[in-house]
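Let me begin by presenting the structure, written as structure tokens, before commenting on it.
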Amino acid sequence: MVGFARIEKKWQKRWRDGKVFSSRINTKKKKFYNLEMLPYPSGTGLHTGHARNYSIGDAIARYKRMRGFNVIYPMGWDSFGLPSENEAIKRGVHPTTSIKQNITTFKKQMTAMGLSYDWDREVSTHNPEYYHWNQWLFLKLLENNLAYRKKTSGNWCPGCHTTLANEDVKEGLCWRCDSEVIQKDIEQWFFRITKFSNSLLKGLDKINWSNHLKSLQKNWIGKSEGIEINFKTESGKKIPVFTTRPDTLFGCTYVVLAPEHPLIKNLIAGTKFESKVNNFLNKLSKQNELERMSKDKEGLFIGKYATNPINGQKVPIFIANFVLMGYGTGAIMSVPAHDSRDYDFAKKYKIPIKNVIRNKNTQKNKSYSGEGTLVNSGKYSGLISGKARVKIETELVRKGLAKKKINYKIRDWNISRQRYWGTPIPIIYCDSCGMVPVPERDLPIKLPRVVDYNAPAKSPLDTNSSFVNVKCPSCNCRAKRETDTMTTFVDSSWYYFRYCDPKNVRAIFDKNKIGYWMPVDQYIGGTEHAVGHLLYSRFITKFLKKLGYVTFDEPFLSLLNQGMVNMGGSKMSKSKGNVIDPLDMVNKYGADTLRTYLLFIASPSTSFEWSDKDIKGIHKFLNKILDLPKLKLGFRKKEYIESLTQTKISVCTDQFDKLELNKVLIELMDFYSKIEKNPSKIALNALIKMVYPFAPHISEEVWEKLGNRTMLAKSSWPEPDKSKVNKKAEQSEDAIRKTVSDIKQILRITGRKAKQIYIYVIPPELKNYLSSSDELSSELNANVQVFASNDVNKIDPENKSKKAKPGKPGIYIQ
RNA sequence: GCACGAGUUCCAGAGCGGUCAAAUGGGAUGGACUCAAGAUCCAUUGGCUUAGUGCCUUCGCAGGUUCGAAUCCUGCCUCGUGCACCA
């Protein structure tokens, strides 16, 4: 163990001194952009999840370098944001101070883990040189009408004192602090991500992400194609409703409006329903998000009727809590026979249920929402629903009663945060000119150092008057700055571009540099960013393409979602007190052991249960690797070892390419145990090279001890030589190993001692690959003779027991 | 409810048509070494057995395809993850 620490320090120094991992554009080499998600450097240092994430990434980076790629493997810091701000407040220091300390800790720990980052490309999002370009991006979005400000009810987290994006709200709760999110009317800035809905959806088809993740994004984007049908009130007002099932239109028995629907006031004005409806609406408005989301459907008839355009039938108009103003038109046509929600509602309020789709799977007391044959549908009766859908749609559209419509669930991205520690939004409000964007030449708008958290203010920045009060850039009179800051998800939506050109002061990046390095070939991170960061990044990339800054529109070609590390059946977390500090493990067993353990225990994408015991097994294995130079080279079984080596190289390469890193390790352990008694130089070299991406320090050490002058970090992956693969040699060796162990067992159990042992093999060529008789004799402590024949019967036909089969030796013990 | 994923021997986890009672690692049991512990090494780890390589039962359950299935097909069950009144 002590030996590991010394070796690790030694190689970390050599790598650093030799600048081995710095990356430069080299158009003669194929690039490989390897990236882990931007971490927030918390005060508690690396946790096991980080350690796993980076062990995976580093193994891939080292592997790809050996495969001859020009690898870019950078690291940086998501240093702005609420957690850093809260931590700083708690510690009573300025965030700049605490974040600097945290970054230092993180870097130190990463180095201790032996991660091969190119530190020359490091970026911190809280540096003005970085957020300058956040502001620039903002202005570009504004210029292109993709950023706008709007007063609207937004998700307000009372715990974090700020608004949140839809993506930050999980089941009505804040994703960070679990406070219940309330709706509050505030002026906020939005990015028009909805403009890219379709492109975000379509782009998923061309990237190599897991189905799971793609389905999460698809679900979030929520595309649905249908039509908007106009129902008319008695007074002639149009009520457009959105439906994906116009084929069920004849089954519509009522219409429901969302409580916020603008038409309601107009409809009930002066009627006897007015006060009743208002009371109901008041009651609903008092409900919070969670209550509103509960499954109990509540509604009220408002005393008016609407006309179904397909058959002229009058149907009652209701208002109800389950209809959402934010989706579609905020009004629905209800078909209780064929929609479960409409069915529940109709049952509760005793509204007629009219069956218009017939299908043998229909159940009593339940709605049927599948396809079938139309009934009770006038001239459309008898058609199957798919066809009817098209016909009804066409007719309504032709008559001007409906129009085709595609709806998306995704909403625009709220980027305003009423917090201090973030990028200032480059906008100035002037009494005479209105809203004025800060000119590009004035960027960056630097975040002031001082704010007063105790003074009452909309945002902390409001308390710094020298920040707030400015001259209007266009008329030069007194004006005020925007005081909200941007969510850090803006920072992290483009950082991977900046790594390619991290020190550029004139532009966000140099197009040529991006042209070489981007897009990211392998992205690695947790699944928790499925609909947040990953969606925003895709959006920003698509925007940059639109501007002509880049030529591709998907930033992450391949994505690996690593699973979680659990402890006692649940996710490790400080509140549960079940945390393993990866650095403790590094101190105890060495970085190589920790890394290899994290990669061996499960395939990167699956979650696993941490076990102290398992890590010891890995430590043992690595100690054996460290002892490789002590092994005496063997000269027997040459063909077998040679063939085995080639096979292992090709299997490991395949598995590595599939990122099944645990399987590579399994193969390597197997490889070791098969060659340890009879290693050849080639086998040893191949083994050590393939262990390197997992346990780079001890591999380098062994490599050096074996007499190599160049570092493994600069050497190449063994290429499999198919011509040397000899399946027969391998199979024979496997068979003979098994036979020998059978013989040993027989002797042990029967307590006999053998003098003479005959081994029979079929076909005779097998004999060529077997261990020699001498070798077997000494192993079995008896005189061993091997016979070979092509014919089962020729091998002592009298004795049934000698049942040699092709590839399976028979034995005879005397 | 919808979507995605998974069910293998004590545990984790390979195998994905024949050489599979099933890799690898843990654990357990026995043994070697040691005054002892630890470390290390060896053996065993589904059952039977007249133990000369045999037989039986196993890879969620039930069927099917095949000379042959843990591996392919169909149906079912269970578990995990995510979204969830999106019309």
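Quick note on labels: first sequence line is chain A, next is B, and so on, each numbered from 1.
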Is it true that A/Asp670 and A/Lys674 have a side-chain N and a carboxylate O under 4.0 angstrom from each other?
-> yes
Report which part of the nucleic acid A/Ile332 touches: base, sugar-phosphate, or nothing (heavy-atom distance under 4.0 Å, all strands).
-> base
Within this structure, what is the CG-to-P distance between A/Asn623 and B/U40, rounded to whole angstrom?
-> 8 Å
Nearest-neighbour nucleotide for the A/Tyr327 side chain, B/G25, B/G82, B/A87 considered | B/A87
Is the closest basic N to carboxylate O distance between A/Arg245 and A/Asp339 below 4.0 Å?
-> no
Salt bridge check: are A/Glu393 and A/Lys404 linked by an N-O gap of less than 4.0 Å?
-> yes
Can the ring centres of A/Phe600 and A/Phe621 be said to be less than 6.0 Å apart?
-> no
Would you mind reading off the distance between A/His529 atom NE2 and B/C83 atom C1', rounded to a whole angstrom?
-> 18 Å
Taking the side chain from A/Asp412 and the backbone from A/Thr194, do they hold a donor-acceptor pair closer than 3.5 Å?
-> yes
Candidate nucleotides B/C85, B/G26, B/A14, ranked by approach to the side chain of A/Phe322 - the nearest = B/C85
Looking only at heavy atoms, the pair that brings A/Pro604 and A/Leu560 closest together is CB-CD2, 3.9 Å
Sort me out a list of protein N/O and nucleotides 3-9 of chain B N/O pairs below 3.5 Å, or just none if empty.
{"residue": "B/A3", "atom": "O2'", "partner": "A/Ser215", "partner atom": "OG", "Å": "3.4"}
{"residue": "B/G5", "atom": "OP1", "partner": "A/Asn211", "partner atom": "ND2", "Å": "3.2"}

Opposite nucleotide pairing with B/G80, Watson-Crick or G-U, both atom distances under 3.5 Å = B/C4
So which nucleotide from B/G82, B/A14, B/U24 ends up closest to the side chain of A/Phe600?
-> B/U24
Interatomic distance at P, B/C76 relative to B/G17, whole Å = 25 Å
Ring centers of A/Phe345, A/Phe322 separated by less than 6.0 Å = yes
Rounded to whole angstrom, note down the P distance from B/C59 over to B/A69.
-> 12 Å
How far apart are the C-alpha atoms of A/Glu371 and A/Arg389, what are their side-chain angles, what is the distance that settles it, and do they pass the salt bridge (Lys or Arg N to Asp or Glu O under 4.0 Å) test?
-> CA-CA 10 Å; A/Glu371 309 271 309; A/Arg389 199 141 59 221; 3.2 Å; yes
Figure out the CD1/P separation between A/Ile319 and B/A87, and round it to whole Å.
-> 22 Å
What interatomic distance, in whole Å, is found between C1' of B/G38 and the corresponding atom of B/A14?
-> 32 Å
Taking atom C1' in both B/G46 and B/A70, what distance in whole Å separates the two?
-> 15 Å
A/Leu216 to A/Val531 - nearest heavy-atom pair and separation = O-CG1, 3.8 Å
Which nucleotide, in any strand shown, forms a Watson-Crick or G-U wobble pair with B/G68, with both distances under 3.5 Å?
-> none
Let me know, please, whether A/Gly326 or A/Glu667 comes out on the 5' side of the other along RNA chain B by nearest nucleotide.
-> A/Glu667
Nearest-angstrom distance, P atom, B/C4 to B/G15 = 23 Å
Just name whichever nucleotide pairs with B/U24, Watson-Crick or G-U, keeping both distances under 3.5 Å, else none.
-> B/A12
P atoms of B/G5 and B/A43, separation to the nearest Å | 42 Å
Whom does B/C41 pair with, Watson-Crick or G-U wobble, provided both distances fall under 3.5 Å?
-> B/G31
Distance, rounded to the nearest Å, where A/Lys297 contributes NZ and B/A87 contributes C1' | 12 Å
Using a cut-off of 4.0 Å on non-hydrogen atoms, how would the nucleic acid contact of A/Lys218 be classed: base, sugar-phosphate, or nothing?
-> nothing
Once you apply the 3.5 Å cut-off to both distances, tell me the Watson-Crick or G-U wobble partner of B/G46, or none.
-> B/C56
Indicate yes or no: does A/Lys238 engage A/Glu228 in a salt bridge with an N to O separation below 4.0 Å.
-> no
Give one of base, sugar-phosphate or nothing for A/Gly617, where a contact means two heavy atoms less than 4.0 Å apart.
-> sugar-phosphate
By nearest-nucleotide position on RNA chain B, the 5'-leaning member of A/Ser673 and A/Arg245 is A/Ser673
Answer for the Watson-Crick or wobble partner of B/C61, both distances under 3.5 Å, is B/G75
Could you check which residues of residues 651-663 of chain A get a heavy atom under 4.0 Å from RNA chain B? Sort them by number, please.
-> A/Asn662, A/Lys663
Which nucleotide, B/C85, B/G25, B/A87, lies nearest any side-chain atom of A/Met669?
-> B/G25
So, for A/Phe4 and A/His619, is the gap between ring centers shorter than 6.0 Å?
-> yes
Under a 4.0 Å N-O cut-off, is there an ion pair linking A/Lys624 with A/Asp627?
-> no
Whole-Å distance between B/C41 C1' and A/Leu631 CG?
-> 15 Å
Does A/Lys409 have a side-chain nitrogen or oxygen under 4.0 Å from the phosphate oxygens OP1 or OP2 of B/A84?
-> no
Whole angstrom value for the distance that separates P of B/U40 from NZ of A/Lys624 | 9 Å
Of the nucleotides B/G26, B/A87, B/A23, which has the atom closest to the A/Asp670 side chain?
-> B/A23
B/C2 P sits how many Å from A/Ile221 CD1, rounded?
-> 22 Å
In whole Å, what is the span from the CD atom of A/Glu676 to the P atom of B/U40?
-> 14 Å
For nucleotides B/G26 and B/G13, find the distance between their P atoms and express it as a whole number of Å.
-> 16 Å
If we take the P atom in both B/A6 and B/C33, what is their distance in whole Å?
-> 50 Å
